Every structure is written in structure tokens, then in C-alpha cells.
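Report on the structure given below.
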Number of protein chains: 2
Amino acid sequence: MTTIADVAQAAGVSISTVSYVMSGKRTISQETRERVERAMADLSYSPQASARSLASRSTSVLGLQAPIRAGVDVHVVMQIVAGALKEARAHHHDILLLTSDDAAGVERAARAGMVDGVLILDVETSDPRVGALAELSIPAVLIGLPDAADDLVCVDFDFEAAGRLAAQRLAERGHQSVALLGAPPQVQARHTSYSDRLMRGFLAASEAAGLTARALPCPSGPGATEVVDAVLAESPDTTALFVHNEAALPFIAARLMGAADTGPVEILALSPAELALHVPGVSDVIDLPAETLGARGARALLDAIGGTRGPGAELIAPRFADPTG
Amino acid sequence: MTTIADVAQAAGVSISTVSYVMSGKRTISQETRERVERAMADLSYSPQASARSLASRSTSVLGLQAPIRAGVDVHVVMQIVAGALKEARAHHHDILLLTSDDAAGVERAARAGMVDGVLILDVETSDPRVGALAELSIPAVLIGLPDAADDLVCVDFDFEAAGRLAAQRLAERGHQSVALLGAPPQVQARHTSYSDRLMRGFLAASEAAGLTARALPCPSGPGATEVVDAVLAESPDTTALFVHNEAALPFIAARLMGAADTGPVEILALSPAELALHVPGVSDVIDLPAETLGARGARALLDAIGGTRGPGAELIAPRFADPTG
DNA sequence: CTGAAAGCGCTAACAG
DNA sequence: CTGTTAGCGCTTTCAG
């Protein structure tokens with residue numbers, strides 16, 4: 001194991017000089033800097049994270065609490081995690097995985113000083129973790145938008161605006177009766193933040209536009225077709241579906257493609273663009289920029305840690321996906 | 001922040017006594033132990049991870065390199081990660097996420113002393129990381145089974161045996177001509193370890209049993225049906241499909257369900273049981289125990305770190321899923 | 001059974 | 001522009 005002292009000796013300088021070369025926190029002569037950098041490379045030196053962390057009281061590690069729960073779309077979660085990881089790495093930070101569903105785990109990691117801040121996914125509208133997080137001694141960022149998040153930093157996709165955007169588009173297209181097929185029942189039952197907001201925006205804007213609209217939970221997988229059947233049975237005049245369930249989308253589209261028992265039904269999807277754009281039968285896609293969301297969350301957390309960012313919500317505005325993408 | 005010195009003072013003992021109470025590395029009188037534990041609870045003391053790690057030269061953190069690559073089934077990856085995380089937490093370890101596709105990242109984390117060992121997922125048959133890992137100063141466990149892994153600890157599902165088991169079962173059922181629809185083309189093109197082995201076992205056992213067998217890559221999602229069409233067009237006598245692609249399974253099953261243009265085609269799936277058991281049209285499932293795999297991997301890594309385990313492969317034997325599960 | 005004290009490798013005053 | 005040094009909080013000898 002090579003230490004900072006080895007490097008200092010090899011370069012013929014003191015250890016503080018080596019430290020300052022690494023941190024850039026004071027000016028070093030060109031020549032000295034080069035000697036030190038040379039020595040570091042020659043000895044293939046890596047600073048010891050624990051020593052650095054003990055002395056500096058910071059870790060360069062972000063905690064991430066990601067859900068592994070029933071009904072949660074794993075693609076979206078993975079993309080969020082990937083985005084957060086990429087952003088963190090770009091700023092020389094690592095990510096420590098915290099067990100889900102466990103506010104105590106976050107607190108443990110925080111108090112042991114293992115992380116400089118935490119990023120929390122899959123937040124519910126009335127999330128029990130929110131209170132605990134506000135008490136925490138370290139910065140926290142939620143990806144999601146709970147009700148009582150006044151003192152917290154939140155980053156999310158603007159699901160309510162997406163719901164409005166969808167209703168407006170469907171109204172423009174001349175539809176009269178439409179339906180939102182949303183997240184799986186378990187997710188809605190938990191009042192996951194995004195599901196509540198999407199529904200609210202969609203139903204409000206539908207009403208404002210004079211549309212007849214309904215909103216239903218929709219199971220992932222083949223079971224989705226039953227919901228389609230039920231909607232068309234109860235409201236046979238339905239001519240468009242707004243689908244927010246990536247794992248149900250292909251089944252819904254397949255059920256409707258050239259089906260003889262229904263009139264033409266248009267499908268508008270809310271989904272990561274690359275997952276929905278090439279599903280046959282889907283005519284329009286509002287992109288759910290999952291990776292961007294993760295990146296923004298990580299960025300917000302880094303800013304909060306740096307003290308350049310206070311409480312408040314940052315919402316990513318919805319956009320239609322570019323079909324050529 | 002409360003330190004070990006605060007606890008020692010509150011309990012009226014020395015800091016080494018507090019340390020030994022925590023580690024259990026020497027015998028402490030009942031009474032002293034209770035006083036110390038009391039003080040720790042009263043002050044809600046958490047030992048500082050970095051200080052502990054600096055002094056003890058170990059971190060209680062496992063590095064995890066998980067893939068986020070085209071075609072990889074995210075459900076399976078998530079389950080493996082969940083299993084590893086659960087096992088790690090059960091042994092008081094945490095998990096640091098390492099960026100995928102980046103051997104340098106593993107080395108960086110290792111040399112900075114951020115992790116006690118690394119767990120590597122999605123290993124390819126000839127994986128460039130294998131050589132680098134063997135050089136590494138810390139224990140590594142692969143989930144997967146590359147060709148040249150002599151000096152490494154490997155844990156995997158026995159895909160080759162699963163291939164054989166599938167062929168045997170189909171032969172027992174009286175089929176004559178069968179086909180394996182496997183991982184997506186990108187995965188097979190990378191020669192991901194499991195895909196190669198599954199095919200080998202399936203084709204060999206098919207031949208031994210006198211079956212006519214083919215093996216093809218199969219894209220995930222709706223595109224899977226085209227492969228089914230192609231197989232049935234080229235080999236119209238095919239009466240059974242062995243499917244190893246969770247994301248294609250429902251589409252394949254739907255394509256075949258009561259299709260007028262084909263004879264009855266039986267579907268045998270290799271998939272996490274809970275994902276495949278309730279897909280209509282799937283008659284039999286060989287379970288892919290993803291969460292167990294992650295847990296075994298983590299366990300193997302902990303054992304390797306503890307020095308109670310040397311190089312070698314541990315393969316989990318295939319089993320048919322219990323349909324009542 | 002318990003204490004005292006020497007580090008672990010680094011950062012950041014303080015002192016030129 | 002550079003060096004000296006006092007910690008950071010803990011583990012673990014060494015000494016009772």
C-alpha cells in the first residue's frame with residue numbers, strides 16, 4: 001500500500017504539498033506540481049478514502065434508497081439509478097445502496113457518516129420517511145413530490161402537467177371520450193406521488209376541455225387487456241386511451257390493433273421514449289425522461305451538499321417524444 | 001456528533017472498553033457491558049465508519065458492478081441485486097454501486113480501500129475484466145461463469161444443466177422437434193456466459209435424446225413473435241418451444257394461444273418462477289432463482305473476504321417451479 | 001477483567 | 001510558494 005508519505009518522499013516535498021496538489025486548495029508552482037504528479041503516477045498512488053473522510057468529514061458518497069416493490073416499473077427505476085450514478089461519477093462521487101423501505105437504514109448510514117447525502121426514490125404522497133428525513137443531519141433529495149415536503153429538496157417529472165398535456169392533445173385531436181390507464185393497483189393504493197398527480201392533471205384538463213374522462217389502475221403484463229375490455233364495455237364511445245404503464249403498453253396496443261370488436265382507439269403513452277416509440281399501435285408518446293430525472297436528482301443532491309441549494313421542488317416539464325428519435 | 005470518548009466518559013470506562021464491548025473481542029464483565037450499552041443507547045451513539053475503517057483497514061462494504069446494458073433483463077438484475085443487498089445487510093455489510101462496464105472503476109474502489117470485495121454481474125464467456133480482477137488486491141466473486149476463471153470465485157445458476165433438463169423433459173413428453181428461443185441478439189453476440197451454456201446443454205441433451213432441436217436468439221417485447229413465425233415456417237413440425245427470455249414470454253404465449261395457423265405448441269420457460277408461472281399458455285417453468293443467486297454471490301464474497309473460501313465455482317442446480325407457488 | 005497510548009493516512013490550520 | 005504539526009475517531013497492542 002502506498003501512502004501520501006511515500007509520494008511526498010519520492011517527490012522530495014512535504015505531505016501537505018502532495019495533499020494540496022490533489023485538492024487544488026492552494027497554489028503550487030508548476031515544477032513542484034509536476035514532480036508530485038509524476039511521483040503519484042509512478043507509485044500508482046490512490047488516496048485512502050477512509051483517511052480522507054476521517055480528516056475532512058466528508059465521504060464523496062451519496063446514499064440511494066431505491067424501491068424494489070410490487071408494481072414498480074423496474075425499467076424506470078433502473079434508468080433513474082443509471083442517471084444518478086452517471087451524474088455522481090461525473091462529479092467524483094460514488095453511490096451506496098440503502099435498503100428500501102427502511103427509514104432506519106438511511107439514518108444509520110447518515111449517522112455513521114457513510115454518506116454526504118441521500119437520494120430517495122418512489123416517494124408516496126404522504127410518505128412516512130419525509131418527517132424522518134427532515135430531522136436528518138445530512139442533505140436529502142426526494143425524487144417524487146410528497147404533500148408535506150416544505151423543508152426538502154424535491155425533483156420530479158411534472159406528472160400533473162403531463163396529465164394536462166395529454167388531455168389537451170386528445171381534445172385537439174377531436175376525441176370526446178377518453179380514459180387514463182395508469183399504474184398498477186398496488187401502486188395507486190399506496191398513493192405513490194406520481195400516480196395521484198397524473199390523474200389529477202388529466203381529469204382536470206379533460207373536464208376543462210369538455211372531454212368525458214375516466215381514470216383506472218392498470219395491471220402490468222397480459223392482465224392489462226381485461227381493463228381495456230372493461231373500459232370499452234362500460235364506455236363504448238371511448239376513442240382514445242392515455243396509458244401510463246410501460247409493462248402494459250404492448251398488450252394494450254396488441255389488443256386494440258385491428259380489433260374487429262371496437263372502433264379505432266388511439267393510444268397516447270407516457271413512458272420512456274425508447275420503450276414506447278416502437279410499440280406498434282402507439283400513436284403518440286409523452287417522454288418520461290427517467291435517466292435525466294436521476295441525473296437531476298443527483299445534481300440537486302450535490303448542490304444541496306455544497307450548500308448552493310435550499311428546499312424547493314424542481315419539476316421537469318413534459319414534452320412529446322420525437323418520433324424520429 | 002457523539003464519539004466513543006463521550007460514551008466512555010458517560011459509562012465511566014476507558015474508550016478501549018467501549019470498543020471491546022462493540023466488537024466482542026475480549027471478555028467484559030456483565031456489569032460493565034451493561035453500563036456501556038446503556039450509555040451508547042442514551043447518547044444514541046453510532047461509530048464513525050471512516051474512523052473504524054482507517055484503524056481496522058476494513059470497510060464492511062461490498063462493491064457491486066451491475067450491468068445496465070442493451071438486452072439484459074432488468075427484472076433479473078434487480079432481483080439479483082435485491083438478493084445480494086439483503087444478504088449483505090444480514091451480515092452488517094453495505095453495498096457500493098460501481099459503474100458498469102468499467103474495470104477501472106472496480107480497481108479505483110479497491111485501491112482507495114472503499115470496499116472489502118467486489119461482486120461482478122453479467123460476466124461474458126471471455127470477459128476482459130477477469131484478468132484484471134485476478135490481479136486485484138481484494139476478493140472478487142463473479143456471478144456468471146467465464147472460460148478462464150480458474151483463480152476466481154464464481155457463483156451461477158447451472159444453465160447448462162437447465163438446458164439438459166429442458167431437453168429431457170420435452171423428450172419425455174413425446175416431442176420430436178423443438179426449439180430454444182433464448183436471450184436477445186445483443187446478449188448472444190456478446191457471448192454472455194449464461195446464454196452460451198444454456199444453448200450447449202440444450203442442444204447436446206436434445207441430440208442425445210434423439211430430438212431435432214434448434215436454438216435462436218429472441219428479441220424482447222413484441223418482436224418475439226416474428227421469431228416464432230420464422231421457426232414455425234422453417235420447421236412446421238415444431239411442437240415445443242423452450243423460452244429463456246422473460247420479456248418475450250407473454251408475447252410468444254399470446255401468439256400461440258389457440259392460433260389457428262399452427263398445431264398445438266407447448267411452451268417451457270426458463271424464468272424467475274413468479275414472472276412466468278401465471279403467463280397463460282406456459283405449461284412448465286424451470287425457475288431462475290435470481291434473488292437466491294444474488295444472495296449466494298454475496299455470501300460467497302463474504303466468505304472469500306473472511307478467508308474461508310477459495311477459488312472455484314458454485315452452481316445452483318435447476319428445478320422445475322412448483323405450479324402452486 | 002480493564003486502561004493508556006500508539007498509530008491508521010489524511011486534511012487543514014499555523015508558521016514561515 | 002512550501003513545511004510542520006495537531007488532530008479526525010477508532011482499533012489494538014502493551015501493561016497492568
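Naming: A, B, ... by sequence-line order, numbering from 1 per chain. Treat the numbers as computed from the prediction; the structure is a model and nothing was measured.
Note on the helix from C/dC1-D/dG16 to C/dG16-D/dC1: angle between the axes of the first and last five pairs equals 40°, rounded to 10 degrees.
Each salt bridge (Lys or Arg N to Asp or Glu O under 4.0 Å) pair with one or both residues in residues 41-63 of chain A, not counting sequence neighbours, appears once here: A/Arg38-A/Asp42. Applying the salt bridge (Lys or Arg N to Asp or Glu O under 4.0 Å) definition to pairs two or more places apart or across chains, none involves residues 4-16 of chain A.
DNA chain D is contacted by A/Leu54 of residues 42-54 of chain A, taking any non-hydrogen atom closer than 4.0 Å. Taken residue by residue, residues 15-28 of chain B places heavy atoms nearer than 4.0 Å to DNA chain D at B/Ile15, B/Ser16, B/Ser19, B/Tyr20, B/Met22, B/Lys25, B/Arg26.
B/Arg35 is linked by a salt bridge (charged side-chain N to carboxylate O under 4.0 Å, His left out) to B/Glu31, counting only residues two or more places apart in sequence or in another chain. By the salt bridge (charged side-chain N to carboxylate O under 4.0 Å, His left out) test, A/Lys86 pairs with A/Glu291, sequence neighbours left out. Partners of A/Glu135 by salt bridge (charged side-chain N to carboxylate O under 4.0 Å, His left out), not counting sequence neighbours: none found. Under the rule for a salt bridge (charged side-chain N to carboxylate O under 4.0 Å, His left out), the partners of A/Asp156 that lie at least two apart in sequence or sit in another chain are A/Arg197.
Under 3.5 Å, the side chains of A/Ser53 and A/Ser50 contain no donor-acceptor pair of N or O atoms. No donor-acceptor contact under 3.5 angstrom links the side chains of A/Ser16 and A/Ser19, judged on distance only.
A nucleotide of DNA chain D counts as in contact with chain A when one of its atoms lies under 4.0 Å from a heavy atom; the first and last such, 5' to 3', are D/dC1 to D/dG9. For DNA chain C, the span of nucleotides reached by chain B at under 4.0 Å from its heavy atoms goes, 5' to 3', from C/dC1 to C/dG9.
Considering CG of B/Asp116 and CD1 of B/Ile138, their distance stands at 7.5 Å, rounded to 0.5 Å.
Scanning both residues, A/Met40 and A/Val21, for their nearest heavy atoms gives CE-CG1, 4.3 Å.
At a threshold of 4.5 Å between non-hydrogen side-chain atoms, the residues A/Leu302 and A/Leu62 count as touching.
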Considering only distance and modelled atom types, tabulate donor-acceptor pairs under 3.5 Å from the side chains of residues 71-81 of chain A, sequence neighbours left out.
| residue | atom | partner | partner atom | Å |
| --- | --- | --- | --- | --- |
| A/Asp73 | OD1 | A/His75 | N | 3.0 |
| A/Asp73 | OD1 | A/Val76 | N | 3.1 |
| A/Gln79 | NE2 | A/Glu274 | OE2 | 2.8 |

Item checked: Working for side-chain contact (heavy atoms from CB on, under 4.5 Å), residues A/Val153 and A/Leu301 -> CA-CA 8 Å; A/Val153 185; A/Leu301 183 52; over 6 Å; no
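Ion pairing of A/Asp94 with B/Arg108 is present here, as a side-chain N (NZ or NE/NH1/NH2) and a carboxylate O approach within less than 4.0 Å.
Between B/Arg33 and A/Thr2, the residue whose closest nucleotide on DNA chain C is further toward the 5' end is B/Arg33.
At most 12 heavy atoms of other shown residues, nucleotides or ligands fall within 6.0 angstrom of atom CD in B/Gln9.
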